[in-house]
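One structure below.
Since the structure is predicted, the reported quantities are computational estimates derived from the model, not experimental observations.
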Amino acid sequence: MIKEELLALLVCPLGRAPLRLEGDTLVCTRCGLRYAINDDVPNMLYEEAELPEGVKSIADLACSKASDDRPA
């Protein structure tokens, strides 16, 4: 189980939005990308995350678009 202290520090790697815990996944509060938790370790690789229903590509996510707007 993810501790509250860790959950408070974790954000979506794409757009830096907060995450919420849903069962054994972390869900981005902005784009809905779902990050698996395996053996109490969150997999924060967005390339391996589950896309929200109806979304075909990471490029279509709100967090992905927000990260494109950030200065380099």
Side-chain angles (χ1 to χ4, degrees):
M1 185 60 135
I2 299 288
K3 293 183 179 185
E4 289 297 319
E5 296 85 12
L6 177 59
L7 184 58
L9 298 174
L10 294 174
V11 294
C12 181
L14 286 176
R16 308 291 186 246
L19 300 170
R20 69 176 176 273
L21 184 61
E22 286 187 10
D24 45 339
T25 60
L26 293 172
V27 181
C28 177
T29 58
R30 180 182 296 151
C31 67
L33 204 56
R34 302 178 73 83
Y35 299 93
I37 301 171
N38 301 308
D39 296 323
D40 294 330
V41 178
N43 179 351
M44 300 304 297
L45 299 174
Y46 63 83
E47 300 90 350
E48 296 180 13
E50 180 183 334
L51 293 170
E53 190 172 324
V55 176
K56 303 275 189 243
S57 166
I58 286 178
D60 296 332
L61 296 170
C63 283
S64 180
K65 293 173 184 173
S67 67
D68 290 343
D69 295 336
R70 273 188 290 184

Scan for salt bridge (charged side-chain N to carboxylate O under 4.0 Å, His left out) pairs involving residues 3-14, sequence neighbours excluded, and state none if there are none. none

Atom pairs and distances, side-chain donor-acceptor, residues 48-57, under 3.5 Å, sequence neighbours left out:
unit_1 : atom_1 : unit_2 : atom_2 : d
Glu48  : OE1    : Asn43  : ND2    : 2.7
Ser57  : OG     : Ala59  : N      : 3.1

Spatial distance of atom SG (Cys63) from atom OH (Tyr46) [nearest 0.5 Å]: 12.0 Å

Please tabulate, for side-chain N and O atoms in residues 26-33, each donor-acceptor pair with protein atoms closer than 3.5 Å (sequence neighbours left out).
unit_1 : atom_1 : unit_2 : atom_2 : d
Thr29  : OG1    : Pro18  : O      : 2.9
Arg30  : NH1    : Gly15  : O      : 3.2

Any link between Leu21 and Val11 through a network of hydrophobic side chains (Ile, Leu, Val, Met, Phe, Trp, Tyr) touching at under 4.5 Å? no

Which pairs pass side chain to side chain donor-acceptor pair (under 3.5 Å) with one or both residues in residues 31-41, sequence neighbours excluded? Glu22-Arg34, Thr25-Arg34

Quick check: closest heavy atoms across Leu19 and Met44, and the distance to 0.1 Å? CD1-CE, 3.5 Å

Go through the structure and list residues passing salt bridge (charged side-chain N to carboxylate O under 4.0 Å, His left out) with Glu47, not counting sequence neighbours. none

